Asker: 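Please read through the structure below; I'll follow up with questions.
To find a chain, count down the sequence lines: A is the first, B the second, and so on, and within it residues start at 1. Keep in mind the model is a prediction, meaning the values are calculated, not measured.
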There are 2 protein chains.
Amino acid sequence: MQEYYSLHPRFYHAVDCIIFGFSGGELNLLLLKRKFDPGMGEWSLMGGFVQEDESVDDAAKRVLFELTGLTNVFMEQVGVFGKVGRDPGERVISTAYYALININDYDRQLVESHNAHWININELPALLFDHEQMVERAKTVMKVQAELQPTCFSLLPEYFTLTQLQSLYEAINGAALDKRNFRKRVAERDFIEKTRLIDKTTSRRGASLYRFNEEKYNNSQRLKI
Amino acid sequence: MQEYYSLHPRFYHAVDCIIFGFSGGELNLLLLKRKFDPGMGEWSLMGGFVQEDESVDDAAKRVLFELTGLTNVFMEQVGVFGKVGRDPGERVISTAYYALININDYDRQLVESHNAHWININELPALLFDHEQMVERAKTVMKVQAELQPTCFSLLPEYFTLTQLQSLYEAINGAALDKRNFRKRVAERDFIEKTRLIDKTTSRRGASLYRFNEEKYNNSQRLKI
DNA sequence: ATTTCGAGTGTAAAAGTAACACTATTTCTT
DNA sequence: AAGAAATAGTGTTACTTTTACACTCGAAAT
């Protein structure tokens, strides 16, 4: 019985985080310029090793916290990357996660101390190991997920204008949307609530601020956006 | 540098296979009644441990081959299951995969020797460890996948009738479909080819046999079914 | 010749999606 | 004070897609 396990090899298990942020009408990833080997000087995802006392999902949350100081972030598995030589140093199996964070919220000092930077998703540099594949898959999974459920509100501040929301959807879609049709669709979902607040920073006229009402969403027919 | 890895713990890494088959108008899973501990006597998925010289994906293919004798089977990752106590014997992280196999094709002797049985997906027994969660997630992932691409042809024999195809879609959907609308949609996709062959086993009149043309599918606009 | 059984076929209403351009409100400039 | 500038906001129509629905066809069995 003991042999049932001990005949088999054991592996380091890493987690790597594809961290999406939204600013300036564009999607960005938080990437590290590595200050240590393996891969010193290269761009990479934020990663870490799973420890004895934590689940794989918890390890991903911890790693995200170590970089950004954030908890309660929307995170989802992207997949397992388990090729034999993917990490040239040792055999490491890695689970990739994507996270959607509000770009106003994170701890800038922590991020700086890790040598991490926001990079526009359309101008990504070459990345360490198989991290580019991870990013590609994350983009796909994120897109599918965002179409099925309105998860992408995690990328916005609590209050946002419809122009911001539309440009987020355009960034995820990779294509422009018609303003009137978009607003018609927003009006149909009452989990996107208009508030009395007005944002005057982006236009002279000012734009109404909206918020995502999670409770209403949970009670709704789950109309995707 | 060496410490970069060696400070961290290592884990057994398993793969578990959710194996779908289609017969009698229903989806079935191939499950094992375990003949060994841990979990002797319980129903479980077919699983195995990742070895030094194989990727995680390859381990899943090997495990499926060991049970069914099949290669070149459609398989996709379902996700990583990495809770600390999920396997009470040892800390094991597992990657779940789903496979779609043609129920006429597998090696019956091998399957029997593993004490494996086809179980209707709507009448599943309690399963070992977190295998029920794996199955739940696999059902969701499989459904999404089948909607995006016509992967489910892997569940059918090379030649099939439209009635069979429709009942497969109904089983995946969990809901009945309108026969005329379904056939109209089939007619629109030329990667579903009508042949001159007639199947006389299911009706007196006989039904035309169709086949999936992968090449045409790859050249098509990827209309999902 | 008649029955039986699954295979196969078309049309019309309804819903959803896509295309399209101007007015409104406030601030800034002169 | 008037006009320019800049983003917010607003409806209608054509087109496409989806849904609902019931009978005939062809071969075998009796």
Asker: With a 4.0 Å limit, can you tell me whether A:Thr202 has a side-chain N or O closer than that to the phosphate oxygens OP1/OP2 of D:dT7?
Answerer: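 Checking A:Thr202 against D:dT7: no side-chain N or O falls below 4.0 Å of OP1 or OP2.
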Asker: Give the rounded distance in Å between these two atoms: CZ of A:Phe182 and P of D:dG9.
Answerer: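 That distance rounds to 12 Å.
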Asker: Before accepting this row, confirm whether a basic side-chain N of the pair B:Glu66/B:Arg62 lies closer than 4.0 Å to the acidic partner's carboxylate O.
Answerer: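 Salt bridge flag = yes for B:Arg62 with B:Glu66.
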Asker: According to a strict under-4.0 Å criterion, is A:Ser208 in side-chain N/O contact with OP1 or OP2 of D:dA8?
Answerer: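 Negative; the distance criterion is not met.
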Asker: With under 30° as parallel and over 60° as perpendicular, where do the rings of B:Tyr98 and B:Phe20 fit, or are they tilted in between?
Answerer: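 Taking B:Phe20 first and then B:Tyr98, their aromatic rings stand perpendicular (interplane angle over 60°).
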Asker: Distance check needed: C:dC5 C1' versus B:Ile198 CD1, whole Å only.
Answerer: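 For the pair B:Ile198 CD1 and C:dC5 C1', the rounded distance is 16 Å.
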Asker: Anything under 30° is parallel, anything over 60° is perpendicular, the rest tilted; go ahead and classify A:Phe153 against A:Phe160.
Answerer: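 Judged by the thresholds at 30° and 60°, the geometry between A:Phe153 and A:Phe160 is tilted.
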Asker: Taking for each residue the nucleotide of DNA chain D with the nearest heavy atom, is it B:Arg204 or A:Ala207 whose nucleotide lies nearer the 5' end?
Answerer: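 Its nearest nucleotide being more 5', the pick is A:Ala207.
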Asker: Give a yes/no answer on whether the side chain of B:Ser203 brings an N or O atom under 4.0 Å of OP1 or OP2 in D:dA28.
Answerer: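 Result: no.
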Asker: Would you call B:Lys139-B:Glu136 a salt bridge at under 4.0 Å N-O?
Answerer: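 Between B:Glu136 and B:Lys139 there is a salt bridge, with a charged N closer than 4.0 Å to a carboxylate O.
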Asker: Could you state the CG-C1' distance from A:Asp199 to C:dT27, rounded to the nearest angstrom?
Answerer: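 Result: 15 Å.
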Asker: So that I can tick it off, tell me whether B:Glu42 and B:Arg34 are bridged by a salt bridge, with the cut-off set at under 4.0 angstrom between side-chain N and carboxylate O.
Answerer: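 No, this pair does not count.
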Asker: Do the ring planes of A:Tyr217 and A:Phe191 sit parallel (below 30°), tilted (30 to 60°) or perpendicular (above 60°)?
Answerer: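 A:Tyr217 and A:Phe191: perpendicular rings.
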Asker: When we call it a touch if two heavy atoms are under 4.0 Å apart, what does A:Thr161 touch: a base, just sugar-phosphate, or nothing?
Answerer: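 Since no nucleic acid heavy atom lies under 4.0 Å of A:Thr161, the category is nothing.
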Asker: Could you tell me whether the side chain of B:Arg205 has a donor or acceptor atom within less than 3.5 Å of a complementary atom in the base of D:dC25?
Answerer: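 Indeed, a donor on one side and an acceptor on the other fall under 3.5 Å apart.
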Asker: Could you list all N or O pairs between the protein and nucleotides 9-16 of chain C that sit under 3.5 Å apart?
Answerer:
unit_1	atom_1	unit_2	atom_2	d
C:dT11	O4	B:Lys184	NZ	2.9

Asker: Calculate the interatomic distance between B:Lys200 atom NZ and C:dC5 atom P; express it in whole Å.
Answerer: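 So the two atoms are 17 Å apart, to the nearest Å.
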